[in-house]
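Working notes, structure below.
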2 protein chains.
Amino acid sequence: MSNLEIKVYKNLMGANEEWAVKIRSVLKEKGVRMVNIIGSPGCGKTSLLEYIGKHGTGEKTPVPFAVLEGDVETTKDAERLNVLKIPVSQLITSGGCHLEAKMVYHALCDLDLDRIKLVVVENVGNLVCPAEFDLGEDAKIAVLSITEGEDKPVKYPMLFREAKACVLTKIDLLPHLKFDLPACLEYVKQVNGSIPVFQVSSYTGEGMDDFTRWFIGV
Amino acid sequence: MSNLEIKVYKNLMGANEEWAVKIRSVLKEKGVRMVNIIGSPGCGKTSLLEYIGKHGTGEKTPVPFAVLEGDVETTKDAERLNVLKIPVSQLITSGGCHLEAKMVYHALCDLDLDRIKLVVVENVGNLVCPAEFDLGEDAKIAVLSITEGEDKPVKYPMLFREAKACVLTKIDLLPHLKFDLPACLEYVKQVNGSIPVFQVSSYTGEGMDDFTRWFIGV
């Protein structure tokens, strides 16, 4: 009986990783890349995707990608992308603070992966929990709005350690904020010295071409 | 053996609530009120407390309160309050996405509750998880920065349902944002029609006197 008990715990602990392995296998088989976008509520994750969906890289419009849109409640973000003809599925966690690999796997398999070669997971708005869950992705991207303050990379280090790039959004608001940009860049470097940091505004378009080129080639 | 297994789960589930009951008992015995401030990273929770610590209500300066400062990592927020001579303890979760009642209980008991009659818990920056954990507080306060967008009350409804007040911060940035204030107020109302909504800026001081009066009398 005590074996049974241990087994239950092991299954619970390992379940996400098992599904992440399945995702990696599907991605490899189909030659699809998947990125997992993580950041606080309202940091501009959906706006980044709207911008890329509308403008591409400048040279190549539109960039073809599908989105798995994670939210605690509502289909609002999926609706925003749907009007731009971006293929999108809404993954509602019903209170859950992060996406798990099982739900992502099923949504991924429902996409037309013979045609779609880039899948973007937009995780639940949360700078803490989503960083802990492997979704089998090729890269996590840390999105930080400059309205959140320069100290967040050291206050919430796990995401920035896990990420392959950091995107500083809402850079157009810089003149209106007390935001110490050099300090923020230094904090990112302290936590993860090897990642590129893109300073962008999806409102003015500043920095978006550079980020998009990195994003589609990630 | 199957009883034992259930017991383990019950203990795990009930542990937070047991500590919350202990907190409520201490607060009642000492005649102390406790509020639990919850919002996204960088929404301005610490800045609200800095402002109240500096300015009080205008009539009554300073407002005496102690802060239990919750963070994933670093003592940065506690340091900000410490320079203002606000009694503050730093509660570091080391990766945890919310404060639990056990840690709060011990930190609370270490305060001089014969002199301090208002204790403010500043929770980990997270719009999702902290709302689910009872800390034995008299009130949760939902803090939403207008830079996060007007849709957050319906996208992350639990906190707004649990809260006894909503504070819209960074209202001074309104001219620079595409933020639909009437829609936001309507969304708060949809989720929880009974709570006051304070529109404030801890940068310009707008709305802070009203909020502070509510806050100290909560």
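- When each of A:Glu132, A:Met158, A:Lys178 is scored by its heavy-atom pairs under 4.5 Å with chain B, the top score falls to A:Lys178.
- If you take SG on A:Cys129 and CG on B:Asn126, they are separated by 5.0 Å, rounding to the nearest 0.5 Å.
- Interatomic distance, CD of B:Glu148 versus OG of A:Ser40, reported as 7.5 Å (0.5 Å rounding).
- Contact of B:Lys152 with chain A is made through the side chain alone, with heavy-atom distances under 4.5 Å.
- The parts of B:Pro41 that come within reach of chain A are both its backbone and its side chain, each placing non-hydrogen atoms under 4.5 angstrom from that chain.
- Annotation: maximal heavy-atom pairing with chain B below 4.5 Å, among A:Ala131, A:Gly149, A:Gly95, A:Cys97, occurs at A:Cys97.
- In this structure, B:His176 NE2 and A:Tyr203 OH are separated by 11.0 Å, a value rounded to the nearest 0.5 Å.
- Heavy-atom distances place the side chain of A:Asp77, and not its backbone, under 4.5 Å from chain B.
- The distance from the CG atom of A:Leu177 to the CG atom of B:Leu173 is 5.5 Å, given to the nearest 0.5 Å.
- Contacts between A:Leu144 and chain B at a heavy-atom distance below 4.5 Å are absent for every atom of the residue.
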Intermediate values then yes/no, side-chain contact (heavy atoms from CB on, under 4.5 Å), B:Lys155 and A:Val72: CA-CA 6 Å; B:Lys155 287 185 67 188; A:Val72 173; over 6 Å; no
